[in-house]
Number of protein chains: 2
Amino acid sequence: MSQPDLAEKPRLPLSRERVLRAALELADEQGIDALTMRSLGRELGVEAMSLYNHVANKEAVLDGLVEVVMGEVLEAVDDVRLSSPAEWKPVTRRRILAAREVMLRHRWAPKVLESRTEIPAVLMRYLDGLLGLMLQGEFSADLAHHAMHAFGSRGLGFTQELFEEDTEMPAETVGMMAEQMAGEYPNLGEMLKVVTHDADTTLGWCDDQFEFEFGLDLILDGLERLRDAQRLT
Amino acid sequence: MSQPDLAEKPRLPLSRERVLRAALELADEQGIDALTMRSLGRELGVEAMSLYNHVANKEAVLDGLVEVVMGEVLEAVDDVRLSSPAEWKPVTRRRILAAREVMLRHRWAPKVLESRTEIPAVLMRYLDGLLGLMLQGEFSADLAHHAMHAFGSRGLGFTQELFEEDTEMPAETVGMMAEQMAGEYPNLGEMLKVVTHDADTTLGWCDDQFEFEFGLDLILDGLERLRDAQRLT
DNA sequence: ACCTGAACACCGTTCAAGT
DNA sequence: ACCTGAACACCGTTCAAGT
């Protein structure tokens, strides 16, 4: 057919934008390991090699994903000015939990973020905003600096997960596990026994969101105390 | 030569032990990315495929590395019994800093640990020990549970590094960077200016060990406070 | 029982060739 | 200017063949 392809799909041209959008979708739906240049090409109905016309290489794709995700974070937290220093704690708390919601939508994001060799500019922007809250909250520059380190990845809404989020289990099952475990791991066994027997205790087994907020509040409270101590001197 | 190889090196036979020792050395010296089945074979003067007679696959090698590293950690921290509950804080602190020393000797360890899909038994053993200290310190099972989550990877002596440890810089250089940065990142710029001008402030620029201990103490202090509050009820 | 060589199915990426 | 096909240099791993 020498006719111009009237019947064919418009097949909008490739672009960095489209490549990144496809990459995001792929990572969200199939995980970051499923994202290869070849699979990404397939998703776009194109050979893998065509992608190199729009992105330098795979690292550039990952950099782009970080930009997109951090963009979502920055959008979710754009309230910056405190009307009073006292607002520091609740505002910071809200901001970090908002960042966390974005991270939970893109579970691969922490891993990709961690794999960057240069600090992405979007991350700098976010950290600058977080630091701004501390300065407005009347932290000294020095204490604010330490605070940023103390937050670590928690400031972005995630923690290093030492073990995968387990599937939900009925309290009974956990109780049985406790029995089994008690032999090799006496303290874990004992803890599990108590935690699962008290009904009024934190529900069932590890609730990641609860634990995240627990750790976050521990740090926020500690920092506030240090700030107040520093003010008196 | 039909003679038996008297002159050749004894060439002690391969074994899981030897494979792991070579892997450890390779990872320590050249980084974890340089550890491939082929490079590991080369190190041992053998084809990559021979390794499969002694380890199931590459994942098994990484599992083995975790065992070795956590073994070093467990060795470094075998003091367990507290003579009094009050000892909880200093002993826990020492234990975690001892674990950190091992991690600093094997910089790839956090990444490998994080990549395990099952919780390694050696890790469980370590966590059980840490939990034991908390229980001896008269934490309730529930609070001890939350505390373990709050520690996260810090309990093992490392934090998620959002940016690589920069090379040491003279204070002047940092000062210049601050000027440059102030445009795009006003809060970071301001912080840097102050931090680098105060001579009596925390030395120079980010001291990782200092920041780690700062964050650790923040958590330990917070936990102790919660424990004492819980005791009164 | 252990080691090897060739091969397979995947990567990311280069490059000359097509349109 | 953009896309493609063949190819290269790497992975981890399988398997039949050697000793």
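Here is the naming used below: chain letters follow the sequence lines, and residue numbers restart at 1 for every chain. Note that the structure is a prediction, hence the values are computed from the model and not measured. All values below were derived from every heavy atom in this structure, side-chain atoms included, with hydrogens, water molecules and symmetry-related copies excluded.
Every pair tested for ring pair (Phe, Tyr, Trp, His ring centres under 6.0 Å) that includes a residue from residues 26-46 of chain B fails, sequence neighbours excluded, so the list is empty. Residue pairs meeting the side chain to side chain donor-acceptor pair (under 3.5 Å) criterion with at least one member in residues 124-135 of chain B, sequence neighbours excluded, are A/Asn187-B/Asp128. Note on residues 41-56 of chain B: no pairs pass side chain to side chain donor-acceptor pair (under 3.5 Å), not counting sequence neighbours.
Within residues 53-62 of chain B, the residues that have a heavy atom under 4.0 Å from DNA chain D are, in order of number, B/Asn57, B/Lys58.
Note: CE (A/Met37) to P (D/dT4) measures 14 Å, nearest angstrom. In this structure, B/Leu40 atom CG and D/dT13 atom P are separated by 12 Å, rounded to whole Å. A/Ile32 places its CD1 atom 11 Å from the P atom of C/dG12, with the value rounded to the nearest Å.
Here the closest heavy-atom approach between residue B/Asn57 and residue B/Met37 is recorded as C-CE, 4.3 Å.
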Where does DNA chain D pair, written as one dot-bracket string 5' to 3', with Watson-Crick or G-U pairs under 3.5 Å, ( ) inside the strand, [ ] for crossing pairs and | for another strand?
||.|||||...|||||.||
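For B/Ser50, no side-chain nitrogen or oxygen approaches OP1 or OP2 of C/dC2 to under 4.0 Å.
Checking D/dT4, C/dT13, C/dT4 against the side-chain heavy atoms of A/Tyr52 singles out C/dT13 as nearest.
Screening A/Asp63, A/Val66, A/Leu35 for a side chain to side chain contact (heavy atoms under 4.5 Å, CB included) with A/Val112, the sole residue that qualifies is A/Val66.
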Got a list of protein N/O to nucleotides 5-10 of chain C N/O distances below 3.5 Å?
none

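Ion pairing between a basic and an acidic side chain is recognised when a charged N comes within 4.0 Å of a carboxylate O; B/Asp28 and B/Arg105 show no such pairing.
Inter-residue side-chain proximity for B/Phe151 and A/Thr159 is flagged as unmet; no heavy-atom pair is nearer than 4.5 Å. With contacts defined as side-chain heavy-atom distances shorter than 4.5 Å, the pair A/Phe212/A/Leu97 qualifies.
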